[in-house]
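Notes to accompany the following structure.
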Amino acid sequence: MTQIKRIAVIGGGIVGATAAFYLSQKNYEVAIYDDGVGQATSAAAGIICPWLSQRRNKEWYQLASKGAAFYPQLMRDLNEPLNDSDIYQQVGTLVFKKKPSLLKKLEQLALKRLETAPEIGEISLLSPKEIKAKFPLYGSEESALFASGGARVDGSLLTKKLIDQAKSNGAHYYPEKITLSQTNSTEYLISSATQERTYDTVVLAVGAWLPELLDPLDLAVDIRPQKGQLVQLHLHEDMSQWPVIMPDGEKDIIPFANGKIVVGATHENDGGYDLTATKEKLDLMLEEAIELAPGLKNATITGIRVGTRAYTSDFAPFFGAVPGYPNLFTASGLGSSGLTSGPLIGHMLSQIISGESTDLPLSNYPVEHYIKKR
Ligand SMILES: Cc1cc2nc3c(=O)[nH]c(=O)nc-3n(C[C@H](O)[C@H](O)[C@H](O)COP(=O)(O)OP(=O)(O)OC[C@H]3O[C@@H](n4cnc5c(N)ncnc54)[C@H](O)[C@@H]3O)c2cc1C
């Protein structure tokens, strides 16, 4: 008789939560461990719109665009409504550029990408008046490119739903920080302040903390942290159909159905793992956002979120098996688009562990480029 796999998923951000959710639907024993401190997923802004990015890396684009396309399937698998959910909704995205010629260029790119990514939806150049009709707080004279397939996602609500569903499928959830060691060639020991357990399969979905997790196994990891901060506001408005606003720069504006509006985020390469909020940076972002959308002045500040993104030295993400360590799997380096690609990556990790073919070729995201024996 074959033994049931005992799987520990370390990290309850978007990657770990999705992997645990899909694994818990199979005949495995699944445990999720999550420290939660500095988690990028719960701090994230929530923009899903990879098609209008001018980044040239083909593998990144394939992952991010397939990741965006995967969301409707994830919502169906979670029994969430597609058009009326606080978690995820395609409300469209408005992208701004400094010059009309750059906006025209972006429209050409979007139309080209539409040929292979119908999820972009309808593309149109909107006048300031048309923008205001969609986003009543708008008060600037700039035009923008609208893509109706753009979406917003609430990372915290999504991971909560995924973990709750995994728990109802029998998974265990431990909100604890752990360390990892290998007991023998087929078993890993997970230790926390309160317990020690062994598993035959481990998924390390720990984002920016992968170097410290793999240090005891004598593995060096090419991952560096990047600090991100944003402001959370509240407005007494029904914003369920309002689009996401992406101006040139850092002050994206993301309205949610429940009255929440997020403005941000910063990209601070020298911030490391620091989680202190910096008033000047947040004030500046807010000021810039108010210039574009003066109606934001009436919103109340309800919170500040700070999280840590994970980057590789060439900005590319990786996922799959850790070479030299049987049944040890990982994903990291998702950078600033991890809410977009994370669910698909978590799904693919579950496919690898179950011996199924993956949604995308693993060779394009090679773990061995980023994790090396010391
Ligand atoms: C401010 C900000 C805004 C962003 N906005 C967007 C956006 O609009 N769109 C987009 O697509 N992406 C966005 N991102 C990027 C996205 O949030 C991340 O790429 C993605 O969430 C990474 O997911 P993850 O599961 O790999 O890591 P994380 O979400 O960081 O999860 C890792 C988890 O592992 C836990 N962990 C670490 N070490 C241990 C340990 N030893 N034991 C137990 N648990 C441990 C951590 O505490 C954490 O909870 C943003 C990020 C930030 C910070």
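Numbering of ligands and ligand atoms starts at 1, following listing order.
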In this structure, does ligand 1 have an atom that sits under 4.0 Å from one of the heavy atoms of [X]?
X	value
Glu176	yes
Gly335	yes
Gly264	no

Minimum non-hydrogen distance to [atom], winning option of [options]:
atom	options	answer
atom 48 (C) of ligand 1	Leu213, Asp252, Ile190, Asp34	Asp34
atom 14 (N) of ligand 1	Gly228, Ser336, Gly207, Ala40	Ser336
atom 20 (C) of ligand 1	Ser341, Ser192, Gly338	Gly338

Which residue and atom name correspond to the protein heavy atom nearest [atom], and how close is it?
atom	answer
atom 2 (C) of ligand 1	Arg309 NH2, 3.5 Å
atom 38 (N) of ligand 1	Trp209 CB, 3.5 Å
atom 44 (N) of ligand 1	Asp35 N, 2.9 Å
atom 39 (C) of ligand 1	Val206 CG1, 3.9 Å

Would you compute the distance between atom CD1 of Ile345 and atom CD of Gln351 and round it to the nearest 0.5 angstrom?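 Separation between the atoms: 12.0 Å.
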Name the orientation class of the two ring planes belonging to Tyr370 and Phe318 (parallel below 30°, tilted from 30 to 60°, perpendicular beyond 60°).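 If you compare the ring of Tyr370 with that of Phe318, the planes turn out parallel.
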Test salt bridge (Lys or Arg N to Asp or Glu O under 4.0 Å) applied to Glu287 - qualifying residues, sequence neighbours left out: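 Expected list: none.
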Tell me every residue that passes salt bridge (Lys or Arg N to Asp or Glu O under 4.0 Å) with Arg6, counting only those two or more places apart in sequence or in another chain.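 Partners of Arg6 by the salt bridge (Lys or Arg N to Asp or Glu O under 4.0 Å) criterion, ordered by chain and then number, come out as Glu187, Asp200.
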Can an N or O of Ala265 be found at a distance shorter than 3.5 Å from an N or O of ligand 1?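 By distance alone, the answer is no.
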Is the terminal nitrogen or CZ of Arg197 (NZ for Lys, CZ for Arg) located under 6.0 angstrom from the six-membered ring centre of Tyr33 and within 45° of that ring's axis?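 Verdict for Tyr33: no cation-pi partner in Arg197.
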Taking the six-membered ring for Trp, are Tyr199 and Tyr188 closer than 6.0 Å centroid to centroid?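 No, too far apart.
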Enumerate the atoms of ligand 1 whose separation from the nearest heavy atom of Gly13 is less than 4.0 angstrom.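 Per the distance check, 25 (O), 29 (O), 31 (O).
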Would a distance-only check, ignoring hydrogens and angles, find a side-chain to backbone donor-acceptor pair under 3.5 Å from Thr330 to Leu204?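 Between the backbone of Leu204 and the side chain of Thr330 there is a qualifying donor-acceptor contact (under 3.5 Å).
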